[in-house]
2 protein chains.
Amino acid sequence: MSQPSRSVSATGHALLGLLSFGRELSGYEVKRWADDSLRFFYDAPAMSQVYVELDRLAGLGLAASRDVVRDGTRATRVYRITRRGRSWLRRWLADTPVPPTALKHHLALRVFLGHLTEPERLRALVVAHRAHTEDLLGELEAVRAGLDPEDPDFGHAWLVADWGVAYQRGEIASLDRLLGQLDERGGGGR
Amino acid sequence: MSQPSRSVSATGHALLGLLSFGRELSGYEVKRWADDSLRFFYDAPAMSQVYVELDRLAGLGLAASRDVVRDGTRATRVYRITRRGRSWLRRWLADTPVPPTALKHHLALRVFLGHLTEPERLRALVVAHRAHTEDLLGELEAVRAGLDPEDPDFGHAWLVADWGVAYQRGEIASLDRLLGQLDERGGGGR
DNA sequence: CGTTGCATGTAAGGTGTTACATGATTAC
DNA sequence: GTAATCATGTAACACCTTACATGCAACG
């Protein structure tokens with residue numbers, strides 16, 4: 001049999017992970033679910049990428065697809081994880097080293113280059129980012145509220161959502177601290 | 001005049017940002033500096049990518065290069081930011097919307113899929129990640145110690161380093177909290 | 001005399017994005 | 001009727017990585 005260790009990307013594993021919860025899902029549904037879960041701690045792939053990735057998983061035998069015609073003429077292609085896919089994922093989870101967290105903090109880059117702009121402008125960027133973070137926090141709290149921490153499968157999803165809530169709260173606290181420091185800088189000397 | 005708004009990638013802006021501190025730097029030096037600063041809040045690009053990016057910035061007139069022969073035969077190509085590059089960066093900083101933070105938290109993905117493995121195995125992954133985070137924290141503290149918060153230019157770098165320290169400490173606290181929750185799950189029912 | 005650090009690049013390939021193209025069904 | 005949602009995919013391209021290729025200088 002094949003050993004596509006290298007042939008499944010991190011995103012592929014993430015999507016196969018969504019299928020591992022046992023439901024049969026269309027690409028569209030996978031994307032929506034990714035937007036409600038993966039997005040908060042992992043980049044949610046574009047819609048087009050989801051189709052490509054699911055197709056590849058099916059090609060490797062890790063997922064199986066079938067076309068469902070419900071009522072209308074246009075078919076919906078649904079995917080489910082195969083036994084091979086499940087054991088594949090298990091082994092991946094157990095044996096593959098966890099890569100370091102990849103962060104692209106665009107606001108931090110701008111603060112880093114703060115010498116290039118006026119203090120008020122920089123402050124405005126931070127404030128806008130703070131507002132955006134508040135929004136994210138609200139969404140995450142809603143996600144967490146929809147999960148059951150006692151559930152055998154989705155309990156882990158709850159853990160991650162709970163963690164995400166703490167993470168975003170920490171981010172907001174950091175931003176407030178940063179704003180205070182910027183005010184000291186701007187108000188004082190220079 | 002060109003309007004290469006679209007032609008400079010985020011990484012390009014980050015590297016141009018390093019040049020904006022005024023020093024004339026070789027590609028090699030840019031890479032080392034990126035590893036000591038950008039790496040903590042933005043992905044540090046590969047060495048080869050640094051050369052490509054600098055070359056592109058020079059092609060756009062945002063940076064200028066010259067070959068320095070110091071002593072030996074092999075030339076070192078050094079880059080400095082041009083006046084155009086500086087005003088380019090300023091406008092970018094002032095006018096370009098800040099994209100949302102992109103996170104790829106590979107450990108969170110594994111916790112999310114925790115139903116696929118044994119509690120002890122999952123715990124081990126978290127512990128390993130915690131150790132790695134401690135290392136990062138140590139490196140960041142060293143970076144911060146080498147910066148002066150009062151410096152007109154590098155004061156902003158200090159702010160970001162200080163923020164990074166708080167960020168990684170928060171991460172460690174989150175991981176400890178997560179470990180406690182995992183123990184409750186594992187030790188109790190199920 | 002071998003390894004590490006300085007130094008620069010090319011080639012190939014993987015990963016993912018945006019834009020485009022198409023079309024049905026449902027809700028207002 | 002028209003807008004939003006469901007639904008699937010292709011094409012072009014941007015971005016970045018790994019592997020490779022080369023070579024000098026300094027240190028032990």
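Every chain is numbered from 1 and lettered A, B, ... according to where its sequence line falls, protein lines coming before strand lines. Please read these numbers as outputs of a predicted model, since none were measured by experiment.
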Does D:dC16 have OP1 or OP2 under 4.0 Å away from a side-chain N or O of A:K104? yes
Does any N or O in the side chain of B:R121 come within less than 3.5 Å of the main-chain N or O of A:A94, such that one atom is a donor and the other an acceptor? yes
Rounding to a whole Å, what distance do you find between B:M47:CE and D:dA19:C1'? 16 Å
Give the nucleotide from the list D:dT17, C:dT18, C:dG16 with an atom nearest to the side chain of B:A46. D:dT17
How about B:Y42 and A:F112: are their ring centroids closer than 6.0 Å? no
Take the protein atom CD of A:E53 and the nucleotide atom P of C:dT15, then report the distance between them rounded to whole Å. 8 Å
Would you mind telling me which residue lines up with the more 5' stretch of DNA chain C, A:D43 or B:V52, judged by nearest nucleotide? B:V52
Min side-chain heavy-atom separation A:D95-A:W92 under 4.5 Å: no
What is the distance, to the nearest angstrom, from the CZ atom on A:R77 to the P atom on D:dG9? 4 Å
Can you measure B:L54 atom CG to C:dT10 atom P for me and round it to whole angstrom units? 13 Å
Are the ring centres of B:H106 and A:H13 closer than 6.0 Å? no
Nucleotide C:dT8, atom P - distance to OH of B:Y79 in whole Å: 8 Å
Whole-Å gap separating P (C:dA7) and CH2 (B:W33): 16 Å
Phosphate oxygens OP1/OP2 of D:dC16: is one of them under 4.0 Å from a side-chain N or O of B:S9? yes
What integer distance in Å separates B:Y42:OH from D:dC15:C1'? 11 Å
Does D:dA19 have OP1 or OP2 under 4.0 Å away from a side-chain N or O of B:S48? no
Atom pair distance, as rounded to whole Å: OH in B:Y28 and C1' in C:dG9: 14 Å
Is the B:F21 to A:H115 ring centre distance short of 6.0 Å? yes
OP1 or OP2 of D:dC16 less than 4.0 angstrom from a side-chain nitrogen or oxygen of B:Q49, does that happen here? yes
Please confirm whether the shortest side-chain N or O distance from B:Y51 to OP1 or OP2 of C:dT8 is below 4.0 Å. yes
Does a side-chain N or O from B:R32 land closer than 4.0 Å to OP1 or OP2 of C:dC6, or not? yes
What contact category does A:A44 fall into here, base, sugar-phosphate, or nothing, at under 4.0 angstrom with non-hydrogen atoms? sugar-phosphate
